[in-house]
Amino acid sequence: MGVALRNILTDFKQPADPDKLKGVAAIDSYNALYQFLSIIRQPDGTPLMDEEGRITSHLSGIFFRTANFLSQGIRPVFIFDGQPPDMKSKTIQERKDIREESKVKWDKAKREGDLTGAFRYAMSSSVVDAYILSSARTLIQLMGLPVVDAPSEAEAQAAYMAGKGDADYAVSQDYDTLLFGTPVLVRNLTISGKRRFHGRQVTVQPERVILSDVLTNLEITREQLIEIAILTGTDFNPGIRGIGAKTGLKKVKSGDFESIVREKLPDFDPEPVKDFFMNPPVTDSYSTEINRIDSDAIRSFLCDKHGFSPDRVDPVLEKISKKEKQKTLESWF
DNA sequence: CAAGGAAA
DNA sequence: TTTCCTTGG
């Protein structure tokens with residue numbers, strides 16, 4: 001779910017014009033897939049599915065959005081999670097419980113004809129399971145796009161790659177990537193700028209957050225930003241009731257982090273969490289190279305296997321191939 | 001969410 | 001043309 005730092009970051013978000021977005025984008029795949037699964041649904045919450053009943057919402061999302069990325073000069077790299085740290089197990093269990101409760105509420109809302117509720121509960125019942133991950137990976141690779149296997153958290157790996165300069169920015173809706181030290185975070189990276197909110201469509205701009213701006217303006221270090229996050233709660237520790245980002249900022253700057261943790265969370269040692277954000281497991285074994293798109297294989301995967309309409313798929317494939325040829329030609333001169 | 005067609 | 005609404009799988 002990420003971290004509740006919004007209240008102290010609002011001042012440093014800047015709308016990102018398309019030019020600033022050109023380059024290598026390190027995408028937190030789980031985050032993107034969850035987004036697609038929750039939003040790409042029918043009004044009663046039913047996701048897109050093929051004839052066999054397999055969910056295809058995420059494939060639609062990846063295919064069309066990624067095609068747009070390429071046409072805009074955005075070169076996506078999809079980072080997949082590895083082994084989560086033990087500290088995350090409580091959060092993982094909580095998410096599972098919420099999903100299961102939501103599923104029950106979704107069915108109930110559907111029975112009662114409550115479409116708004118149905119859609120909302122359907123969203124929060126979304127599950128990124130092994131099938132979602134493997135089918136997403138298949139499509140990404142057929143599109144010629146790089147996949148990176150993070151040893152642990154994908155957000156940590158994305159931040160690492162952006163820090164090294166192998167990616168120009170990290171893409172996620174969550175702010176955790178900043179804690180992991182990404183120099184630049186981009187949120188709301190969509191093309192149409194449309195997102196559904198309470199079932200309604202609203203326009204949202206892609207926004208860029210520059211870590212150094214945040215730290216300079218708040219006059220804190222990254223360690224201190226992590227301390228604020230720890231006080232409000234992260235995926236790796238419960239927060240303290242009554243402390244939000246603003247109070248957290250104040251307490252951390254006045255040097256009260258340790259004493260508050262001792263008082264309010266006596267059984268909790270913040271050091272492992274701090275250390276995980278500062279020095280997470282990452283790998284150098286990756287490539288950000290883009291390969292040729294396999295249009296025939298994509299047609300077969302999306303249309304033959306998953307019931308997509310060739311009328312919708314073909315024009316997109318053509319557009320990507322055309323762009324690809326342009327690039328190849330340019331590189332000769 | 002993104003595409004495509006309808007409506008304005 | 002631009003915006004709105006529905007469909008997609």
Side-chain angles (χ1 to χ4, degrees), chain A residues 15-16 18 21 25 27-74 76 78 106 110 113 115-116 118-129 131-140 142-143 145 171-174 186-207 293 295 297-323:
Chain A
L21 297 174
I27 299 177
D28 175 4
S29 300
Y30 182 97
N31 192 270
L33 290 171
Y34 186 85
Q35 226 81 25
F36 290 139
L37 287 179
S38 41
I39 207 87
I40 303 179
R41 291 172 181 273
Q42 292 178 284
D44 72 348
T46 309
L48 302 188
M49 286 182 296
D50 62 21
E51 274 181 339
E52 319 249 330
R54 291 172 296 215
I55 293 179
T56 54
S57 297
H58 60 303
L59 300 177
S60 176
I62 290 171
F63 182 63
F64 292 109
R65 183 181 290 181
T66 302
N68 283 327
F69 281 173
L70 295 173
S71 73
Q72 301 233 151
I74 297 171
F78 291 86
W106 174 23
K110 246 190 320 193
L115 281 190
T116 315
F119 195 91
R120 186 156 42 92
Y121 291 125
M123 282 177 79
S124 44
S125 69
S126 307
V127 193
V128 179
D129 60 16
Y131 156 73
I132 298 291
L133 290 169
S134 71
S135 49
R137 185 184 281 256
T138 299
L139 178 58
I140 290 164
L142 292 178
M143 293 180 86
L145 301 170
V171 179
S172 177
Q173 288 305 103
D174 296 342
V186 174
R187 302 178 70 243
N188 303 330
L189 187 58
T190 67
I191 297 307
S192 68
K194 283 183 188 133
R195 254 190 99 188
R196 233 136 91 172
F197 189 66
H198 295 324
R200 278 260 153 275
Q201 275 209 338
V202 292
T203 309
V204 283
Q205 292 251 287
E207 64 186 34
I293 187 170
S295 293
I298 290 175
R299 212 173 281 118
S300 143
F301 181 72
L302 288 182
C303 304
D304 300 344
K305 183 168 182 194
H306 289 295
F308 280 63
S309 159
D311 289 348
R312 281 178 170 241
V313 170
D314 283 337
V316 176
L317 289 176
E318 234 164 87
K319 195 170 144 195
I320 298 174
S321 303
K322 211 172 122 192
K323 181 97 183 170

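Below, read A as the first sequence line, B as the second, and so on, with proteins coming before strands; counting in each chain starts at 1.
If you take CE of Met49(A) and C1' of dG8(C), they are 12 Å apart, rounded to a whole angstrom. Note: CD (Glu52(A)) to P (dG9(C)) measures 16 Å, nearest angstrom. In this entry the distance linking CZ of Arg299(A) with P of dG9(C) reads 15 Å, nearest Å. Rounded to whole angstrom, the span from the CD atom of Glu51(A) across to the C1' atom of dG8(C) amounts to 14 Å. Rounded to whole angstrom, the span from the CG atom of Asp44(A) across to the C1' atom of dT6(C) amounts to 14 Å. Residue Ile39(A) contributes atom CD1, which lies 10 Å from atom P of dA2(B) at whole-angstrom precision. For the pair Arg41(A) CZ and dA2(B) C1', the interatomic distance rounds to 17 Å; values are reported in whole Å. The distance from atom CG of Leu48(A) to atom C1' of dT6(C) is 13 Å, rounded to the nearest whole Å.
Between Pro315(A) and Pro310(A), the shortest heavy-atom contact is CD-O, 3.9 Å. Taking every heavy atom of both residues into account, Gly45(A) and Arg41(A) meet most closely at O-NH1, 2.6 Å. When every heavy atom of Pro15(A) is checked against every heavy atom of Gln205(A), the shortest pair comes out as CB-OE1, 3.4 Å.
Of the residues in residues 309-317 of chain A, those placing a heavy atom less than 4.0 Å from an atom of DNA chain C are Ser309(A), Arg312(A), in numerical order. In the region residues 55-65 of chain A, proximity to DNA chain B at under 4.0 angstrom, judged on heavy atoms, holds for Phe64(A), Arg65(A).
With sequence neighbours left out, Tyr121(A) forms a ring-ring contact (aromatic ring centres under 6.0 Å, His included) with no residue at all. For Ser135(A), the side chain to side chain donor-acceptor pair (under 3.5 Å) criterion is met by His58(A), not counting sequence neighbours. Considering only residues two or more places apart in sequence or on other chains, Ser124(A) meets the side chain to side chain donor-acceptor pair (under 3.5 Å) condition with Ser102(A).
Applying the salt bridge (Lys or Arg N to Asp or Glu O under 4.0 Å) rule to pairs touching residues 299-310 of chain A yields Asp296(A)-Arg299(A), Arg299(A)-Asp314(A), sequence neighbours excluded.
In terms of modelled atom types and a separation under 3.5 Å, the side chain of Ser57(A) and the main chain of Ile40(A) share a donor-acceptor contact.
Annotation: the span from Ile298(A) atom CD1 to Ile320(A) atom CD1 amounts to 6.5 Å, rounded to 0.5 Å.
Contact annotation for Phe36(A): no contact, since no heavy-atom pair falls under 4.0 Å across all strands.
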